Amino acid sequence: MKEYVIFLAQQHPTFRVAELRALADLYKFEVDLSGHDEKSPFLIVRLENDDQASKLVSRGILSRGIYELWGVGDTEEELHQDVKRRSSHLWEKYNQCTFKFDVLAYKGKRSNVEKIRLIERFGYLDFHGAIRMKNPDQVFTILEHYTPPTEHDAAELPSKYYFGREVELSGRSRGVLEKYDLKKRKYIGTTTFEAELALVTCNLAHCVPGSIMYDPFVGTGSFLVAGAHYGCLTVGSDIDGRLIKGKGNANIKANFKQYGMPHLFMDVLTMDFTHNALRDDLVIDTIVCDPPYGIREGLKVLGAKNPERFEGKENIEIDGEKAYLKKDYIPTKKPYELDSLLYDLLEFASRRLPIGGRLAFWMPTANDNFEPTIIPLHRNLELKHHLVQEFNKWSRRLLVYVNHGDGYNGEENRAVTMHQEFRKMYFRSRRGEGTTLADQEKEE
Amino acid sequence: MKFLTTNFVKCTSKACDSTTDNFPLQFNDCELIQEEQEFKPEFLLNILDRLDWSAVLKVAHDLGNDSLPQALPENVDPEDPDTLALLKDLHSLLLETNITQGEMKCRACEHVYYIKNSIPNFLLPPHLA
């Protein structure tokens with residue numbers, strides 16, 4: 001086992017460990033992540049080899065890079081002592097290759113003059129290879145962690161130094177977030193899920209090349225794009241055909257063209273998830289979605305709200321043709337309870353996912369009266385991750401389940417939610433109660 | 001709607017789940033276009049495992065194509081020139097053929113679903129939902 005240091009993004013710190021865990025699980029190796037500290041962007045892990053290190057971050061969104069650890073110290077002096085003690089046996093191996101040095105700092109910065117001074121102090125490594133700023137064989141990186149005394153003051157010197165050989169940079173460091181930035185995306189809507197957490201969701205859901213991913217509440221297709229980024233053939237459905245259709249040339253398919261992966265877009269279907277057209281024996285490897293919670297879009301399924309009003313209407317004919325068989329017929333929809341929908345989703349996942357296949361979805365919760373009993377559970381599914389993104393008065397949760405099949409006998413919870421309460425609270429008027437959650441969300 | 005998708009969709013009426021006639025749907029009056037896609041044999045091979053071949057034949061027949069083999073070769077080897085030709089045909093059929101307008105009829109309940117602007121609509125009237 002060797003030590004590596006991971007440089008993490010300081011975004012969504014509660015999701016970072018889960019992403020690393022999910023990637024280790026995906027590539028089937030063990031890693032102890034207990035050293036993780038949400039306040040620090042650096043995490044030292046022990047791994048078998050560079051291959052594992054690479055797998056741990058190459059798809060990563062919340063990591064930046066991973067480095068073979070050559071030394072660590074609280075001061076520059078300590079760092080050099082540790083490098084000499086820890087890694088002198090490695091120096092010879094790299095003394096002929098082309099290389100460059102990088103200096104990366106967290107909450108601090110150095111002038112170029114200072115960077116060069118920092119780098120030159122590593123002269124004892126005695127590398128004879130040519131320095132190449134573009135595509136060198138190896139990159140050696142000095143990582144600095146500054147701890148500013150207050151939010152407004154800068155720290156003069158780092159509180160911690162790490163030195164290592166770069167093994168792999170993450171998707172984030174290779175510009176994935178810029179690529180999928182919604183501001184540059186051809187087709188988006190008011191409910192389009194942001195790219196960063198959509199990609200993290202697809203990491204947790206184990207989206208891999210050659211697999212089929214399905215989003216039953218596809219909207220403008222944010223998760224399809226994220227799944228396709230990881231190589232999934234993607235299919236989506238939505239009861240709201242307007243979102244799927246898009247406007248003119250701006251639609252989900254156009255987004256796939258924009259990102260150069262049109263072959264990973266299968267189709268989007270206008271369909272009620274609870275009246276599903278995907279044939280029963282089609283294996284769906286991964287299900288990823290952000291179900292409609294009736295906050296912005298009302299939660300609806302097919303069927304009549306007042307069945308008696310629709311009695312006999314199937315016999316209505318227009319121009320000698322059954323009205324419901326006409327091309328422009330629009331079926332009626334009825335409101336549906338969130339808890340029923342979520343349980344339908346779990347049940348669907350348990351029947352359609354292969355053993356080991358994953359379901360990942362988001363649900364919003366109010367913070368004041370959250371009770372763990374609202375997390376739905378299914379006897380065949382293991383709740384693998386339960387992550388919370390906090391906003392001011394509400395939060396949303398990412399739930400990730402793994403299908404273990406009939407033999408699993410897990411806990412069952414049809415989850416009686418306080419979703420109605422959540423909706424009420426979300427839209428509570430400003431009268432004497434300050435801003436509503438809806439307002440806050442806008443600000444956020 | 002890609003030809004490929006016709007192999008994955010059935011009638012959405014729950015009453016039809018007890019029959020075997022709800023898949024594949026019967027395709028009528030379809031307008032087709034070919035949309036060029038890069039040929040990726042590995043990608044295609046992966047999809048072949050998921051196909052219900054008899055349903056591919058039925059829908060191809062609905063759309064006027066009766067030139068497909070009655071069964072897929074046992075071991076698909078992209079190195080073999082005959083297989084490669086078949087894969088190219090399948091690529092063109094499954095991934096490049098798009099149904100832009102048309103009807104999909106359930107062979108069991110005879111409900112008709114429409115494809116408009118390349119998007120299939122599987123919503124049901126209340127008496128079938």
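We name chains A, B, ... by the order of the sequence lines, and we start the count at 1 in each one. None of these values were measured; they are calculated from a predicted model.
With a 4.5 Å cut-off on non-hydrogen atoms, A/Leu282 touches chain B through its side chain but not through its backbone. For a residue to count as touching a neighbouring chain, one of its non-hydrogen atoms must lie under 4.5 Å from one of that chain's; by this rule B/Asn121 touches chain A with backbone and side chain alike. No part of A/Lys313 comes within reach of chain B, as not one of its non-hydrogen atoms sits under 4.5 angstrom from that chain. At a 4.5 Å heavy-atom cutoff, B/Glu42 makes no contact with chain A through either its backbone or its side chain. For chain A, the nearby part of B/Gln101 is the side chain; its heavy atoms alone come within less than 4.5 Å. Residue A/Ile330: no heavy atom, backbone or side chain, is found under 4.5 Å from chain B. Proximity to chain B involves both the backbone and the side chain of A/Phe265, based on heavy atoms less than 4.5 angstrom apart. With a threshold of 4.5 angstrom between heavy atoms, A/Lys253 approaches chain B through side-chain atoms but not through N, CA, C or O. Contact annotation for B/Asp49: neither backbone nor side-chain heavy atoms come within less than 4.5 Å of a heavy atom of chain A. For B/Leu4, the part sitting under 4.5 Å from any heavy atom of chain A is the side chain, from C-beta outward, and nothing else. Proximity to chain A is absent for every atom of B/Leu44, based on heavy atoms less than 4.5 angstrom apart. For chain A, no part of B/Ser13 is nearby; none of its heavy atoms comes within less than 4.5 Å.
Distance check: A/Ile284 CD1 to B/Arg50 CZ gives 9.5 Å after rounding to the nearest 0.5 Å. Here the CE-NZ distance, from A/Met266 to B/Lys2, works out to 8.5 Å after rounding to the nearest 0.5 Å. B/Ile115 contributes atom CD1, which lies 11.0 Å from atom OG1 of A/Thr270 (distance to the nearest 0.5 angstrom). Rounding to the nearest 0.5 Å places CG of B/Leu123 at 5.5 Å from NZ of A/Lys333. Atom OG1 of B/Thr12 sits about 11.0 Å away from atom CG of A/Leu269, to the nearest 0.5 Å. Rounding to the nearest 0.5 Å places CZ of B/Phe8 at 10.5 Å from CG of A/Asp267.
For CG of A/Asn249, the number of neighbouring non-hydrogen atoms (other residues, nucleotides, ligands) closer than 6.0 Å is 12 at most. Within a 6.0 Å sphere centred on CD of A/Glu321, heavy atoms belonging to other residues, nucleotides or ligands number more than 12. Enclosure of atom CD in B/Gln34 by more than 12 non-hydrogen atoms of other residues, nucleotides or ligands within 6.0 angstrom is indicated. Heavy atoms from other residues, nucleotides or ligands lying under 6.0 Å from NZ of A/Lys305 number 12 at most.
The side-chain hydrogen bond (donor to acceptor under 3.5 Å, both in side chains) test with A/His263 singles out one residue from B/Gln37, B/Lys40, B/His91, and that residue is B/Lys40.
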(message) Using side chain to side chain contact (heavy atoms under 4.5 Å, CB included), reason through B/Phe43 and A/Leu233 one step at a time and then give a plain yes or no.
(response) CA-CA 9 Å; B/Phe43 179 72; A/Leu233 176 61; 3.8 Å; yes
(request) Could you please spell out the steps behind the side chain to side chain donor-acceptor pair (under 3.5 Å) verdict for B/Asn22 and A/Arg279? (result) CA-CA 9 Å; B/Asn22 63 349; A/Arg279 66 173 151 91; over 6 Å; no
(request) Step by step, work out the salt bridge (Lys or Arg N to Asp or Glu O under 4.0 Å) result for B/Lys10 and A/Asp281. (result) CA-CA 11 Å; B/Lys10 57 163 184 148; A/Asp281 52 353; over 6 Å; no
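Chosen from B/Leu128, B/Asp52, B/Asp17, B/Leu45, the residue pairing most often with chain A at heavy-atom distances under 4.5 Å is B/Asp52. Your options are A/Glu311, A/Lys327, A/Lys322, A/Lys334, and the one with the most heavy-atom pairs under 4.5 Å with chain B is A/Lys327.
Ring pair A/Tyr324/B/His111 is parallel by interplanar angle, where below 30° counts as parallel and above 60° as perpendicular.
The closest donor-acceptor contact from the side chain of B/Tyr114 to the backbone of A/Leu325 lies under 3.5 Å.
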